[in-house]
Structure formats: structure tokens, C-alpha cells
J.: 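Right, I'll just put the structure down here and ask away after.
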Amino acid sequence: MRLTILGGGGFRVPLVYRALLADPGRCVSEVTLYDTDVRRVTVIAEVLTHLAQGHPDPVTVRVVGDLDKALTGADFIFSAIRVGGTAGRVRDERIPLAEGVLGQETVGAGGVLYGLRTIPVALHLAERIAALAPHAWVINFTNPAGMVTEAMAQVLGERVIGICDSPVGLVRRACRAVGADPGEVAYDYIGLNHLGWLRSLTRDGAELLPGLLADADALASFEEGRLFGADWLGALGALPNEYLHYYYFRRETLDSVRAADRTRGEFLDHQQGGFFERAAAADGPAAVHALWERTRLEREETYMAESREATGGWQRDSHDLEGGGYDRVALAVMYAIAGDRGARLILNVRNGSTVPQLAPDAIVETVCEVTSKGPRPLPCAPLREDQLGLMLQVKAVERATVRAAVFKDRAAALRALALHPLVDSAAVAARILERAAGEG
């Protein structure tokens, strides 16, 4: 089975390859890396070379510079691109912050700007995939994952699946807090990408979530509990995705982001730029791999640092620094489809009738049963008014962003920015749009 990774020079590609090497079934025989940045993909290929050393039967790695060649014959395609690079992310964050509203990669005005830049490229990729690998399954890592998946689904239909590691991390941490094995629990999770809620957690038919929400000590033992606090979680009656901290504590997170010496994008731009520069000059795959490991750990340690600072400042748990997130979800999807295993995973898929108030083709993030036919959303409990209201508003933003990107529709772009819950003025939205257009 052939796997192609678009954005093969991405920093987290070695996590995918490391997991493939550990697969006893050896489902994937060849990995093809495609990237528009030759230096980055060359460095990442060296990391993979080191990972393969000593392995009795390593997965073959090809680096291909031609998109059509990379796609032809692929069985699965992982899309993990970053249009505009980390420098583009810096602009997405700084432009809104200059207007006094949150700048973040996938949330608020920053997420809209990133979507406007990324969706046309994602659509081009979808069209080439449809032409050259029509039977391939596409697993989309590219942020903003919800709206990018929704755009690609216009071409690929149900054969594109969006993934995120935040929901599975939330479930894993909640299970650890109640002393349950994640493989033994059932759960209800619904929302959009980076905007969802864990609303039920059961083992052998017994509901575990109310007890967890009433236990301040247990909540203080994991990231979401510390982020949101026992008082608010008890009032909310659910465990929110970590990105909802930007919505529920918008003043505090905005103050923390503005007080920081640099944005997350600026940190990553500096960190990754330095890594690839040093790695290109390093002496062999072992040295490149060691440098990658040090850089990866620093990246994990500083994840969502502003939100943690806004809630008193605390360090991430060692369990959450291992890195395996996106790679585990993506490979679980791939193995479930290829092996017809019937896995249950939280994925970004077409809504169908899951949330009746949303369009059937709207992408939602929910629990799915995955077989050889792909993912099937499972029924979920009705949404509370506050959950549904936020989902409807943000989905309107996502769909307006897709329309703006596809049709170069300025009115839709303005609507997407102005209607976002974290943008407090249509005039501010207009200024953000004009400045972003002026900066390319």
C-alpha cells in the first residue's frame, strides 16, 4: 500500500514514519514525500533515514518533486501543507492583534486569514487527486482543518477526512483522571474543529463524567481541567476542547497573547527556521535526528503557553510531551479503512443528519465508526442551546470563508471576519481584511 504525504517537509512527518516502522502488519510498503521546499524535505528525509537504521525491514521512502508523480498510484494521501509558511502565520496573528482582537492560527480572525490563503491551494490539490488518484482516501491535517476539509469535500466528497489530535487527547486525559482505560469507554463528542465538547464518558453503561466534573482534585490533574477551572466546568456540564479557552476566557487569553514577547507563530518561525538551517549543515542523519528530537520537545513544552499563562502558569504533563497525536489519529483511520477494523474515532466528516440544524454537507467533528467504507458519524445527544448557537455562528464563518476563497468574494470574506464571535466590530473586520490584502 502506498502513502503519499503532501507537505513531506513538515516538521511532524517523522512522527508518522516512526509509527509506520512500529506497525507489525507492515500495511504501508512505500512513503512518498512531496513538498515545494526542497531544503525542508531533504532535511526531513535525513531524519527518516536515521529512524530506519537498524530496522529489519524499513518502509521505503521516496522524495518526489513533481505533484502529479507523487499522487499517481497513491492509496492514501496525507495532506499537511502550510501555505505561506510560518511567516504567513506570523502575519495572520499580528494583523488582528494590531486591531485589538485575538490573532491565532485557527481561531478568530487569524483562522479566517489562514483559510483564505490555504483553501485555493487545497482545492487545486483536491482536483489533482480526483484526476490522478480517484480511489485514494485523503486524510487532511492542514489547518484550519474544518474549513479546509469542507472545501476539499466539494471535489472529493466523502473520500476526504479531516483529523485533529485535540479531541483524542481530551478523551485520553479524561480517562486517566477517572482511572479508566480509553479502550473500555464510550464517549459522546460533538462540535467543529477546535470547537467541541466531551459530553459523556461511560464504562460498562455507567456515566463517569458528572463525577469527574464534581471532583476539583481530579480536574486539576489534567490540562483541560486546569485551563477552564472546576467552577466553570461544573457550570458548563461538559469538558470543552482546549481551543474553547479562547472563547470562554477571551479577555484573559487576549491579554496574555498581547503581553507575550512574541506570538506562537513568531516562536515557531524562529524555532523551525533555526532547526532547518542547522540541520542542513549537520553531519549526517544521526545529528539531524538528535537536533529534531530536541526541537520537537521544546515545541511540545511550549504548546498553548499563553492560555496556560492566563490560568496561573503551569507546565504540561510528561504524558502530553510524547508527540504522537496527529500521526496516531491519521494512521488509525488508515488502518481502520484498509483493514476494515471498525474503529471508533473522532473525525471531521460530513454532517449528514448528526446535527439536524446544520446542512448535510457541513463538516462537523464527531465520533465515527470507521470501516472499509470510510467513516460513518454515530448518533449523538441533542446539542444544548449554547453549544448549538456557537456551532452555528462559527460554521457560518467557515462557510463564508470557503465561499470567499473559491469565488474571490470580498463581501463573503468581510462577513466571515465580522461574524466571528472573537471579532467585536465590523469596522475592525474591514480593516483587518484590507491590511491582509495589502500584505499579500
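Just so it is clear, the model here is predicted, and its values are computed rather than measured.
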J.: Checking the side chain of R199 only, and the main-chain atoms of A381 only, is there a donor and an acceptor separated by less than 3.5 Å?
T.: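 Yes, R199 side chain to A381 backbone: donor-acceptor pair under 3.5 Å.
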
J.: I'd like to know if E434 pairs up with R410 as an ion pair, taking the criterion as any Lys NZ or Arg NE/NH1/NH2 lying under 4.0 Å from an Asp or Glu carboxylate oxygen.
T.: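 Judged by the 4.0 Å cut-off on N to carboxylate O distance, E434 and R410 do form a salt bridge.
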
J.: Would you compute the distance between atom CZ of R82 and atom CG of D35 and round it to the nearest 0.5 angstrom?
T.: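 Separation between the atoms: 12.0 Å.
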
J.: Looking only at side chains, do S200 and E207 share a donor and an acceptor under 3.5 Å apart?
T.: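 There is such a pair (donor and acceptor under 3.5 Å, judged by atom type) between the side chains of S200 and E207.
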
J.: For residues L233 and E224, report the shortest heavy-atom separation together with the two atoms involved.
T.: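 Result for this residue pair: CD1-O, 4.1 Å.
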
J.: I'd like to know whether CD of Q271 has more than 12 heavy-atom contacts from other residues, nucleotides or ligands below 6.0 angstrom.
T.: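 Yes, because the 6.0 Å sphere around CD of Q271 holds more than 12 heavy atoms from other groups.
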
J.: Applying side-chain contact (heavy atoms from CB on, under 4.5 Å) to H194 and E365, what does each step give before you reach the verdict?
T.: CA-CA 9 Å; H194 289 179; E365 190 168 78; 5.8 Å; no

J.: Which atom names give the shortest non-hydrogen contact between G342 and T371, and what distance separates them?
T.: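 Taking G342 first and T371 second, the nearest heavy atoms are CA-CG2, 4.1 Å.
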
J.: Under the salt bridge (Lys or Arg N to Asp or Glu O under 4.0 Å) rule, what do D386 and R384 come out as? Steps first, then yes or no, please.
T.: CA-CA 6 Å; D386 60 300; R384 261 189 0 217; 2.8 Å; yes

J.: Output the distance between atom OG (S79) and atom CG (L156), rounded to the nearest 0.5 Å.
T.: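 Rounded to the nearest 0.5 Å, the OG-CG separation comes out at 10.0 Å.
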
J.: Just how far is it from atom NZ of K395 to atom CE of M147, taken to the nearest 0.5 Å?
T.: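 Between atom NZ of K395 and atom CE of M147 there are 8.0 Å.
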
J.: Taking the side chain as every heavy atom from C-beta outward, state whether L123 and M152 have any atom pair closer than 4.5 Å.
T.: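 No, too far: nothing below the 4.5 Å cut-off.
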
J.: Would a distance-only check, ignoring hydrogens and angles, find a side-chain to backbone donor-acceptor pair under 3.5 Å from R415 to T401?
T.: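 Checking the backbone N and O of T401 against the side chain of R415, no donor-acceptor pair under 3.5 Å is found.
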
J.: I'd like to know if the side chain of D215 reaches the main chain of D217, judged simply by a donor and an acceptor atom lying under 3.5 Å from each other, with no hydrogens or angles considered.
T.: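 Confirmed, D215 side chain pairs with D217 backbone.
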
J.: Heavy atoms, side chains only, cut-off 4.5 Å: are H420 and V101 in contact?
T.: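 Counting from C-beta outward, H420 and V101 never come under 4.5 Å.
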
J.: Once rounded to the nearest 0.5 Å, what's the spacing between atom CG of L102 and atom CG of L97?
T.: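 Rounded to the nearest 0.5 Å, the CG-CG separation comes to 6.5 Å.
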
J.: Is any side-chain N of the basic residue among E293 and R18 closer than 4.0 Å to the acidic one's carboxylate O?
T.: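 A salt bridge is present here (some side-chain N lies under 4.0 Å from a carboxylate O).
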
J.: Within the 4.5 Å heavy-atom criterion, are L192 and I363 side-chain neighbours or not?
T.: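 Contact flag for L192/I363 side chains = no.
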
J.: Are V16 and V31 packed together at the side-chain level, in the sense that at least one heavy-atom pair is separated by less than 4.5 angstrom?
T.: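 V16 vs V31: side chains apart.
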
J.: Between R403 and D409, is there a side-chain N and carboxylate O pair less than 4.0 Å apart?
T.: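 Answer for the salt bridge query: yes.
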
J.: For the atom pair CG (L116) and CG (L417), what is the distance rounded to the nearest 0.5 Å?
T.: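 Here the interatomic distance stands at 7.0 Å.
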
J.: Are D75 and R2 within salt-bridge range, i.e. N to O under 4.0 Å?
T.: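 So D75 does not pair with R2 through a salt bridge.
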
J.: Under the criterion side-chain contact (heavy atoms from CB on, under 4.5 Å), I'd like the reasoning laid out for L3 against F78: C-alpha separation, chi angles, the key distance, then a yes or no.
T.: CA-CA 7 Å; L3 168 64; F78 290 177; 3.7 Å; yes

J.: Between R159 (side chain only) and H135 (backbone N and O only), is there a donor and an acceptor less than 3.5 Å apart?
T.: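 Yes, the answer is positive, given that a donor and an acceptor are paired below the 3.5 Å cut-off.
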
J.: Walk me through it: do E150 and R399 pass the test salt bridge (Lys or Arg N to Asp or Glu O under 4.0 Å)?
T.: CA-CA 8 Å; E150 188 152 326; R399 289 170 83 87; 2.7 Å; yes

J.: Would you call R264-E105 a salt bridge at under 4.0 Å N-O?
T.: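 No, no charged N to carboxylate O under 4.0 Å.
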
J.: Please give me the minimum heavy-atom distance between G65 and Y34, naming the atom from each residue.
T.: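 Taking every non-hydrogen atom into account, O-CE1, 3.5 Å.
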
J.: Angle class for the F249/H245 ring planes (parallel below 30°, perpendicular above 60°, tilted otherwise)?
T.: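 Parallel: the ring planes of F249 and H245 meet at under 30°.
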
J.: For D231, does the CG atom sit with more than 12 other heavy atoms under 6.0 Å from it, leaving out its own atoms?
T.: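 Atom CG in D231 is not crowded, with 12 or fewer foreign heavy atoms closer than 6.0 Å.
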
J.: Is S221 reaching over with its side chain to a backbone N or O of A218, donor-acceptor style, under 3.5 angstrom?
T.: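 Yes, S221 side chain to A218 backbone: donor-acceptor pair under 3.5 Å.
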
J.: Would you please classify the geometry between the F275 ring and the F11 ring as parallel, tilted or perpendicular, with 30° and 60° separating the classes?
T.: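 Geometry flag for F275 against F11: perpendicular rings.
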
J.: Is there a donor-acceptor contact under 3.5 Å linking the side chains of E93 and Q104?
T.: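 No, Q104 and E93 have no side-chain donor paired with an acceptor closer than 3.5 Å.
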
J.: Taking R40 for its side chain and G7 for its backbone only, find out whether a donor-acceptor pair lies under 3.5 Å.
T.: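 Judged by distance alone, no pair lies under 3.5 Å.
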
J.: What closest approach, in Å, do C164 and P167 show between heavy atoms, and which atom pair accounts for it?
T.: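 The answer is O-CD, 3.7 Å.
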
J.: Has T253 got a side-chain atom pairing as donor or acceptor with R250's backbone, closer than 3.5 angstrom?
T.: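 Side chain of T253 to backbone of R250, a donor-acceptor pair under 3.5 Å: yes, one is there.
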
J.: Taking E266's backbone N and O only, do any of them form a donor-acceptor pair with T263's side chain (distance below 3.5 Å, no angle check)?
T.: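 Indeed, once roles are kept as given, a pair shorter than 3.5 Å links the two residues.
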
J.: Please evaluate residues E439 and R435 with respect to the criterion salt bridge (Lys or Arg N to Asp or Glu O under 4.0 Å), reporting the C-alpha separation (whole Å), side-chain torsions for both, the decisive distance (0.1 Å), and the verdict.
T.: CA-CA 6 Å; E439 294 190 13; R435 182 172 171 185; 3.0 Å; yes

J.: Does V370 form a side-chain contact (heavy atoms from CB on, under 4.5 Å) with I337? I'd like the steps, not just the answer.
T.: CA-CA 6 Å; V370 188; I337 293 174; 3.7 Å; yes

J.: Shortest non-hydrogen contact from I77 to A74?
T.: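 In terms of heavy atoms, the two residues are closest at CG1-CB, 3.8 Å.
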
J.: If you compare all heavy atoms of C368 against all heavy atoms of P377, which two are closest, and at what distance to 0.1 Å?
T.: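 Heavy-atom minimum between the residues: SG-CA, 3.9 Å.
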
J.: Looking at A70, is its backbone amide N or carbonyl O close enough to the side chain of T4 to form a donor-acceptor pair, meaning the two atoms are under 3.5 Å apart?
T.: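 Between the backbone of A70 and the side chain of T4 there is a qualifying donor-acceptor contact (under 3.5 Å).
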
J.: Flag the pair L383 / M391 as yes when at least one side-chain heavy-atom distance between them is below 4.5 Å, and no otherwise.
T.: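 They are in contact (side-chain heavy atoms under 4.5 Å apart), so the answer is yes.
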
J.: Give the C-alpha distance, both sets of side-chain angles, the deciding distance and a yes or no for salt bridge (Lys or Arg N to Asp or Glu O under 4.0 Å) between E99 and R94.
T.: CA-CA 9 Å; E99 291 292 340; R94 279 297 173 190; over 6 Å; no

J.: Do NZ/NE/NH1/NH2 and the carboxylate oxygens of D269 and R262 come within less than 4.0 Å?
T.: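 Salt bridge between D269 and R262, a charged N being under 4.0 Å from a carboxylate O: no.
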
J.: A side-chain contact here means heavy atoms from C-beta on lying under 4.5 Å apart; do V367 and D188 qualify?
T.: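 Heavy-atom side-chain distance check fails, nothing below 4.5 Å.
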
J.: Is the closest side-chain donor-acceptor distance between T149 and N140 under 3.5 Å?
T.: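 Judged by distance alone, the side chains do pair up.
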
J.: How about L213 and L239: do any of their side-chain heavy atoms sit closer than 4.5 Å?
T.: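 Heavy-atom side-chain distance check passes, below 4.5 Å.
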
J.: Tell me, with the steps shown, if Q272 and T86 meet side-chain hydrogen bond (donor to acceptor under 3.5 Å, both in side chains).
T.: CA-CA 8 Å; Q272 291 198 19; T86 51; 5.8 Å; no

J.: Quick one: does Y247's side chain get under 4.5 Å of V107's, heavy atoms only?
T.: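 Side chain of Y247 against side chain of V107, heavy atoms only: contact under 4.5 Å found.
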
J.: If you measure from CG on L244 to OG on S166, what distance do you get to the nearest 0.5 Å?
T.: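 The distance works out to 10.5 Å.
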
J.: May I ask you to say whether R12 pairs ionically with D327, meaning some side-chain N is under 4.0 Å from a carboxylate O?
T.: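 D327 and R12: not salt-bridged.
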
J.: Can you tell me how the ring of Y248 sits relative to the ring of F228, calling it parallel under 30°, perpendicular over 60° and tilted otherwise?
T.: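 It falls in the perpendicular class, over 60°.
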
J.: Give the intermediate values and the outcome of side-chain contact (heavy atoms from CB on, under 4.5 Å) for residues N348 and V364.
T.: CA-CA 5 Å; N348 287 267; V364 298; over 6 Å; no

